[in-house]
Structures are given as C-alpha cells and as structure tokens.
2 protein chains.
Amino acid sequence: MTESRGSTHAKRAAYDLRQRIVKGEMPGGTRLYEVALAEELEVSRTPVREAMSRLAEEGLLERAKGGGFVVRSFTYADVIDAIELRGVLEGTALRLAAEAGAPDEKLEPLKALLCEIDASFGADGAPPNLELYAGLNGEFHDLIVGLCPSHIVRSELERVKSLPFASPSAFVFRNRQSKAMMESLVIAQAQHRAMVAAVEGREGARAEALAREHARIARQNLEKKALDNAEPDPALALIVD
Amino acid sequence: MTESRGSTHAKRAAYDLRQRIVKGEMPGGTRLYEVALAEELEVSRTPVREAMSRLAEEGLLERAKGGGFVVRSFTYADVIDAIELRGVLEGTALRLAAEAGAPDEKLEPLKALLCEIDASFGADGAPPNLELYAGLNGEFHDLIVGLCPSHIVRSELERVKSLPFASPSAFVFRNRQSKAMMESLVIAQAQHRAMVAAVEGREGARAEALAREHARIARQNLEKKALDNAEPDPALALIVD
DNA sequence: CTGGCCTGAATTGTATACATCTTGGTGTAT
DNA sequence: ATACACCAAGATGTATACAATTCAGGCCAG
C-alpha cells in the first residue's frame, strides 16, 4: 500500500488508527464503526476488527457493551495519575533491581549513556539539543528499567508507558524558556545519576523514592504547560477534559 | 449450546479457553491453532480468533511472532512478582485514597464488612468458614481499592488481579493446619483494620506500607505451600517452572 | 559438512455473504 | 402521559472460501 507501515493489513490499520486516535481526531468516547473504518482504511472488516483488538490491548480502546469498540476517554486527572503510576512502577522496578543487585556489565552502558546525556544539553556550554535529549532520556529509562529482574513489573510498566502522555520524555521540551528548562534538565540528570548510584549500592528505598520524584518532573512540566496554556501539546491531544 | 456461559460464541469460546488455560491443560508456551480449536469448541475460526484476542487483552495469551497466539508462560518467580506488584498497586491505591480523603459513607460499609469477616473465621469461638472468609476478603479488597480516586490505578490493579495466582484470596485456604492458619487470619484481619484506619486518618505512607506488607501474607502462604508440596494448588496450575 | 534456496504443507490473513443482535423510534392501549 | 410491544435500519457476530505467509525438510552447490 501507499502509506503507513506494517506487513499485514491489520497492522497497517492498527497503525493508522493509533495515529488518528493519539492525534485527537476521534476524541474519547467516539464509537468505532467497523464498516465505516473499513471503507476509510480501504480494507475489509476483518483486519479492522483485528486492529481494534490490538489497540484495546494497548489500552487505547475499550470494548463497548453490546459489542464494538469505543475510544478510551482520558481526563486531565488521568494524565496526572498515569504519570504518578509510571513513577510508582519505575520505582518498584528500581527497588527490585537494587535488592537483586545489578551486574557491572549492565551498569557500564548506563553510565556511558549518562555522559552522552550530559553532552546533549550542553553541559560544556554547547547549545542544548532537545530532540537528542528526549531520545537519550527515553533510552536511559529503558536501560535502567531493564535492570529489574521481574518480567511482570517490566511488562506492566511498558503497558503504562504506551500511553502517549505517560512516557518519560512526553513533556521534556516545548518550554523554550531556556532558563527554567535548563534547570529542570540539570535536576533530572542529577536524579538519573542518583538512581544509578542507588541501584549500584543496593539502596532499594532510595532508588524507589528517586524514581517517584523523578516522574514528578513530568507532572511539573505538564502543570506549567497547563498554566501557560500556549499551543496545546500533541501528547495531550486525546485528552477530553 | 450445552455448556459454559456467554451470549455469543466468541464469549463462550473465551470462557472455555480461559478455563482450560488456568486449569493447566495447555501449559505456558503452547501454541494455539485456530483450526484445531475451532473444531474442539465447535465454532468457526472467527469466534476463536475473537476469543484469543480477548484472552490476550487479559494477559493470558501473547501474540506469537509470525501470527497466532501462545499461552503465556509464568514461572514461580512470576507468581512472587505478581503478588509483590499487587501489593505495590494496592498500596498506591490506598495512599492516593488517604491523600484525597475518603468520605464516611464509603468507609461505613468497609467497617461493617470487617465485622462480618471477624465472624467468618470464628472470632467468637464459632468454627471458621474459609469459603466465606475468602469471599468476604475479596470483597474487602474491592471495596477499599474502590476508595482510590484514580481510574488508571484501579484499572491496572484490576488487570494484575485477573491473573489467577495474584488475586487477594488466591492462597487463603488449603492450609488446614488450623493453628498457623488461624494466626495468619488474625494478622491479616488486623492489617485490614489498620488499612481502613490509615485511609480514614489520611496517613498515606502508613496505608501504602500496610497494603504491601499485607500482600506478603499471600507470598508466605505460597512459600509454605511450596515447602509442604502437598497437592498442587489449582491457582498454580498454569505455572510452568 | 555447511550454507542457501527451493518447495509444499500447514497456518494465519483477508474478503465477503449471511445471521443475529442491538437500538431507537413509532404506534397503540391503558 | 406512560408503558409496552413491535418494527426496521444499522451494527456486530459468524461461517467459509480463498490468498498470502510461514516454516520445516530436503536438495544442491560450494
């Protein structure tokens, strides 16, 4: 086909649908009609159903009573809660990692990454590259959560992070007021280092507390955004309230 | 049809499949073939696919590379982790409830339920009714989590609890050694009362710590079981390791 | 022996026709 | 006015034929 990626029609349909949902077309509560979507996406009803099922697994849709799917509604409070929950789960992941002990060969790449992150926002005076920072930040979160020995905790965390507004790098940029933003980056990076140190030193409680506090930065940025109410953040497109 | 419940073929198929999985037929890693299942369940492939999608949403199946579904594998360690995770999430739910404050009209039913639970295990000398206790215990957990103002936290907790070995009343009975078991019930009930008191008194940290420790009772019971290795617990049927 | 590549049987992916259910509206009797 | 039954349109549920993909096994060339 011409656009979107995926090897099967169902995966392409899921991709397209996901895009439309997170972009805010189809606000929360919108019912998805198989026939209409099948026409729009130019496939039959079968892959559309398959796609909707996949998005339900991701938590973007929910099954309606009497059949069919509805776009899940998220309020501003849900965004706050999702960030809190991410902090709780990352905290648990780090605590378990600390309690179990992390091998040096897995800690080394993390420390290397920390230095890369330093460079990305111009710790040496170079101009900050926020795109790059966001990417490296996401990578850092993936790596450090990878230290957690529990499949279950990791997969539930993955699930929460799949919500576009709950990902670690959801609200990093957009504040071009370089002063406050730079300070927030410095603080975040200090917490990054402390989290690694806590896991390395098997300080479970410290690691957990740090991860929770770290997630609060996202919440702060969000609340700052809400006050400024500048251009609406794309990560908030599917928020109804 | 003759057996199982549900109004559509897909729901019945999902129910049947779920039963077979949690009973331990089809151990973790088993691949599910649509045609074979369609014949066994006496429906066409379409509702079978639908059923598998639903079970994937529940976390009982996972999508295999190259299509199809596989029964999710759970190890003994996963059971431990799932119980830990339930404790963490219940703790978060209670902390948020405590921080937000719970109205008296929602606390009253909880306190009434606590008295019913007292009666169920013969606090007054009557013989303990473990069936009844397990039911009331589950009800208690539902009610107290219902105090949490966050949809997101509640729904993720619901998801974890849907794993048969992670539910609050998974390992309450089976230890007929009445002495140790009775003591564990007394402790659990004391924690129940403390959790309600902590939420009522807006003591978030206390409520969270209590919920986590409370979940450890399930872990203790499980580990005791593992040592005794008496008849295998049905809640553990789908464990592979 | 090993690597790559056929090839075909088994399996899932897709389209579509038909069956069933859900829902909202309408009419009627109370 | 209200309650109820009923109907029709539209939606999802189901079966099935056919297409495309996957994977294992054997074959051949190196």
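Sequence lines set the chain letters: A, B, ... in the order given, protein chains first and strands last, and positions in each chain run from 1.
Rounded to whole Å, atom P of D:dA11 lies 13 Å from atom CG of A:Leu32. Per the geometry, OH belonging to B:Tyr33 stands 18 Å off P belonging to C:dA9, to the nearest Å. Summarising the geometry, the separation between CZ on B:Arg63 and C1' on C:dT11 is reported as 16 Å, rounded to the nearest angstrom. D:dT12 atom P lies 10 Å from atom CZ of A:Phe69, rounded to whole Å.
A salt bridge links B:Arg18 to B:Glu58: one of the charged nitrogens lies within less than 4.0 Å of a carboxylate oxygen. Looking at A:Arg212 and B:Glu208, a side-chain N of the basic residue comes within less than 4.0 Å of a carboxylate O on the acidic one, giving a salt bridge. A:Arg154 and A:Asp142 are not joined by a salt bridge, as no carboxylate oxygen comes within less than 4.0 angstrom of a charged side-chain nitrogen. A salt bridge is defined here as a Lys NZ or Arg NE, NH1 or NH2 lying under 4.0 Å from an Asp or Glu carboxylate O, and B:Glu40 with B:Arg20 meets this definition. Taking 4.0 Å as the cut-off between side-chain N and carboxylate O, A:Arg49 and B:Glu50 count as a salt-bridged pair.
Judged as a ring-ring contact (aromatic ring centres under 6.0 Å, His included), and not counting sequence neighbours, the contacts of A:Tyr133 are A:Phe121.
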Problem set entry | Base versus backbone protein contacts along nucleotides 13-25 of chain C [heavy-atom cut-off under 4.0 Å; B, S, -] | BBBBB-----S--

